[in-house]
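Here is the structure we will look at.
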There are 2 protein chains.
Amino acid sequence: MMQTEKLLQNVRLSQTNMRKEILDILDDSSLALSMNEIKLRLKSNYNRVTLYRNLKVLTEKGILHQIHIDRQDSKYVLPLKTDKAGEHDQEHLHFKCLMCNEVKCLTDQHPEQVVLPEGYEKIEVNFVVYGICRTCKNKN
Amino acid sequence: MMQTEKLLQNVRLSQTNMRKEILDILDDSSLALSMNEIKLRLKSNYNRVTLYRNLKVLTEKGILHQIHIDRQDSKYVLPLKTDKAGEHDQEHLHFKCLMCNEVKCLTDQHPEQVVLPEGYEKIEVNFVVYGICRTCKNKN
DNA sequence: CTATTTTTGCAACACTGTTGCAAATATTTT
DNA sequence: AAAATATTTGCAACAGTGTTGCAAAAATAG
Ligand SMILES: [Mn+2]
Ligand SMILES: [Mn+2]
Ligand SMILES: [Zn+2]
Ligand SMILES: [Zn+2]
């Protein structure tokens, strides 16, 4: 069980049911989840705008990390997952399987440091590899 | 002037006005352009669905390359630009300036080869770096 | 417990994605 | 070049996400 209360407290956000559920859902999931996948796992029928606003604020506060898969897909992960603390500390790639659509963080490899042109400043990165996962490959 | 006719011919797509304009617009642009930025540069008022379908089919045929910036932004480039032929051949990073929102292909650097877990197959990559460009940096 | 602050749900609108279908246009065949 | 065929376009329509304003509800501070 994760200390959701602590996470919210640290960034001075109220402890609401939806927020605690979102964090629990992501803590339990081994995959990055979309807004809709999170919505389907919520216990009650919350409003979609509220979910949108909560994912947004949790991302802005740095509690959640948003992966931009493509125009119609974006996924969220909880870097401080109970069983994975620390793995997310460095830049890493993400993998989206084009058959099953699952998204995984490839935290065991770290891309070399990005070198930008003179005068450019890096703030954040979004690295996604698209392909076929092992499970899907073994199915056909 | 680019051989738009050749490009379309090669993939057996009809030579329509919109398609030729799209290719000309991207050939002229030093930046990756969004659907809307392309729409604004079109000579006549084409239908947005048609533009969407053309960008889609041109991307599927491999003539255009689509960069997934984030959930509300995706950009298109013409890798075979008249003055840049070949630069796009290898995997490369893209840079989005969070102040001016411009997106550039960083074709002079190539990230090291991606290594995936055993059994995974890579099909495509999408690497985006967010930050501040030199121009914007010099403004403040 | 009360006052204050924050969050929620709802309505409303914007934009992109997506499909079906008939009309228009491009290509192929005679 | 005209007719036949294949492809593309524009329009209507709907879906999903993003986004804001605002009043009601819930959480937090005093
Ligand atoms: Mn990640
Ligand atoms: Mn590029
Ligand atoms: Zn898969
Ligand atoms: Zn800039």
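All values derive from a computational prediction rather than experimental measurement.
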For the pair Glu37(B) and Lys75(B), find out whether any cationic side-chain nitrogen is under 4.0 Å from an anionic carboxylate oxygen. yes
Tell me: CZ of Arg19(A) to C1' of dT7(C), nearest whole Å? 6 Å
Salt bridge check, Glu102(A) against Lys96(A): does any charged N sit closer than 4.0 Å to a carboxylate O? no
Establish, with yes or no, whether the OP1 or OP2 oxygen of dT5(C) is under 4.0 angstrom from a side-chain nitrogen or oxygen of Ser14(A). no
In whole angstrom, what separates Lys56(B)'s NZ from dT18(C)'s C1'? 7 Å
What's the separation between atom NZ in Lys56(B) and atom OH in Tyr76(B), rounded to the nearest 0.5 Å? 10.0 Å
Do Cys105(B) and Val77(B) have side-chain heavy atoms sitting under 4.5 Å apart? yes
Going 5' to 3' along DNA chain D, which nucleotides are the first and last within contact of chain A (any atom under 4.0 Å from a heavy atom)? dT17(D) to dT28(D)
Give the rounded distance in Å between these two atoms: CE of Met18(A) and C1' of dT6(C). 15 Å
Want to settle it: does Gln15(B) or Met35(B) sit nearer the 5' end of DNA chain C, counting the closest nucleotide to each? Met35(B)
Without decimals, in angstroms, what is the distance between Glu37(B) CD and dC15(C) P? 14 Å
Rounded to the Å, how far apart are Lys39(B) NZ and dA14(C) C1'? 14 Å
To the nearest Å, how far apart are Ile69(B) CD1 and dT16(C) P? 15 Å
When rounded to whole Å, the CG to C1' distance for the pair Asn36(B) and dG17(C) reads 14 Å
Measure the spacing between CG of Leu58(A) and CG of Leu64(A) and express it to the nearest 0.5 Å. 4.5 Å
Donor on one side chain, acceptor on other, Gln66(B) and Thr59(B), under 3.5 Å: no
Closest nucleotide of DNA chain D for Thr16(B) versus for Ser34(A): which of these residues is on the 5' side? Thr16(B)
Within the 4.5 Å heavy-atom criterion, are Leu33(B) and Arg41(B) side-chain neighbours or not? yes
Looking at residues 46-54 of chain A, who's got a heavy atom less than 4.0 Å off DNA chain D? Arg48(A), Val49(A), Tyr52(A), Arg53(A)
Got Val103(A) and Phe95(A) here, is their nearest side-chain heavy-atom distance under 4.5 Å? no
Which class fits the ring pair His94(A) and His65(A): parallel under 30°, tilted 30 to 60°, perpendicular over 60°? parallel
For Arg71(B) and dA14(C), what is the distance between atoms CZ and P respectively, to the nearest whole Å? 20 Å
